[in-house]
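A quick write-up on the structure given underneath.
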Amino acid sequence: MSCIHYKFFSKLDYDTVTFSGFDISLCDLKCKIMRKEKLKAANCDLQISNAQTKEEYTEDALIPKNSLVVVKRIPAGGVKATNKTAVPAPQSRKIPGAASFRSGTEPVSRASEAVCKTPVSPFFLHTALNSKQCSLVLIFRTLTSSIFQ
């Protein structure tokens, strides 16, 4: 008996499928793997590639015995391209005394990578956000001053 060693892309260990002959067609290999793994053909298809060369097998390929293959599950009918829809940038609102907001087309600065030397306490944030008398401008100024000290 000949065999093919296969593993799913996300697994570490190989399983084995046995057959007779020197090679097996890709279609037969897919059927044997799906039967062994109890997968339904209506739900998904299998993409099979050589584990050593990373070369994907095409529909008419014959896979030699004792090969190592990697299996990936893909949606039935293949992978479909998604339509990306553009999300409009939010309209900026002017707050008196605050710095202007960036538009959606301007590049974002690397300020988010700044290290906060004086951490803001959770108590301050809770009090500031729940206080009706505290303005957003004051919270923004306090937070940015503690980050960029």
Side-chain angles (χ1 to χ4, degrees), residues 1-95 98-130 136 139-149:
M1 287 305 261
S2 301
C3 65
I4 298 277
H5 303 282
Y6 73 93
K7 77 175 192 88
F8 281 91
F9 186 74
S10 60
K11 292 190 177 180
L12 297 175
D13 298 325
Y14 283 89
D15 288 317
T16 304
V17 171
T18 58
F19 61 96
S20 60
F22 294 107
D23 49 34
I24 186 171
S25 69
L26 181 64
C27 183
D28 290 341
L29 179 61
K30 284 181 181 182
C31 290
K32 285 186 178 282
I33 292 172
M34 290 181 99
R35 195 174 311 122
K36 188 169 183 178
E37 298 290 330
K38 298 177 181 156
L39 299 172
K40 295 181 181 178
N43 296 344
C44 65
D45 193 13
L46 299 179
Q47 178 182 0
I48 299 179
S49 58
N50 188 310
Q52 292 149 338
T53 64
K54 310 284 190 250
E55 191 175 347
E56 185 180 335
Y57 290 110
T58 58
E59 295 298 323
D60 57 345
L62 292 175
I63 304 165
K65 67 179 182 177
N66 300 325
S67 294
L68 297 173
V69 296
V70 176
V71 180
K72 292 181 186 177
R73 271 182 275 213
I74 58 174
V79 179
K80 297 179 182 176
T82 59
N83 290 336
K84 294 185 179 180
T85 56
V87 178
Q91 297 293 327
S92 63
R93 296 185 187 119
K94 295 281 185 180
I95 298 176
S100 64
F101 292 102
R102 293 183 173 272
S103 70
T105 58
E106 293 179 12
V108 177
S109 69
R110 299 181 67 91
S112 62
E113 295 178 5
V115 176
C116 183
K117 295 178 182 172
T118 310
V120 178
S121 72
F123 176 76
F124 170 78
L125 289 176
H126 175 74
T127 306
L129 293 173
N130 289 327
L136 290 175
I139 295 170
F140 178 76
R141 285 183 183 162
T142 305
L143 290 175
T144 54
S145 67
S146 68
I147 291 173
F148 297 110
Q149 284 181 350

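Every side-chain contact (heavy atoms from CB on, under 4.5 Å) that L62 has, sequence neighbours left out, goes to D23, S25. The side-chain contact (heavy atoms from CB on, under 4.5 Å) test applied to Q52 returns N50, L68, not counting sequence neighbours. With sequence neighbours excluded, the residues forming a side-chain contact (heavy atoms from CB on, under 4.5 Å) with K7 are Y14, listed by chain and number.
Across all their heavy atoms, K65 and G21 have their closest contact at CD-O, 4.1 Å.
From M1, atom CE reaches atom OG1 of T16 across 12.0 Å, with rounding to the nearest 0.5 Å. E59 contributes atom CD, which lies 8.0 Å from atom SG of C27 (distance to the nearest 0.5 angstrom). In this structure, L29 CG and S67 OG are separated by 9.0 Å, a value rounded to the nearest 0.5 Å. Distance CD/Q47 to CG/L26: 10.5 Å, rounded to 0.5 Å. Y6 OH to K30 NZ: the interatomic distance, rounded to the nearest 0.5 Å, is 15.0 Å.
Within the 4.5 Å cutoff, the side chain of Y57 has heavy atoms near those of the I63 side chain. At a threshold of 4.5 Å between non-hydrogen side-chain atoms, the residues I4 and K32 do not count as touching. Between C3 and N66 the shortest side-chain heavy-atom distance falls below 4.5 Å. Looking only at side-chain heavy atoms (C-beta outward), F9 and R73 stay at 4.5 Å or farther from each other. Side-chain contact between D60 and T58 is present, with at least one heavy-atom pair separated by less than 4.5 Å.
Panel note: side chain K38, backbone R35; no donor-acceptor pair is recorded below 3.5 Å.
Residue K11 qualifies as open at atom NZ: its count of foreign heavy atoms under 6.0 Å is 12 or below.
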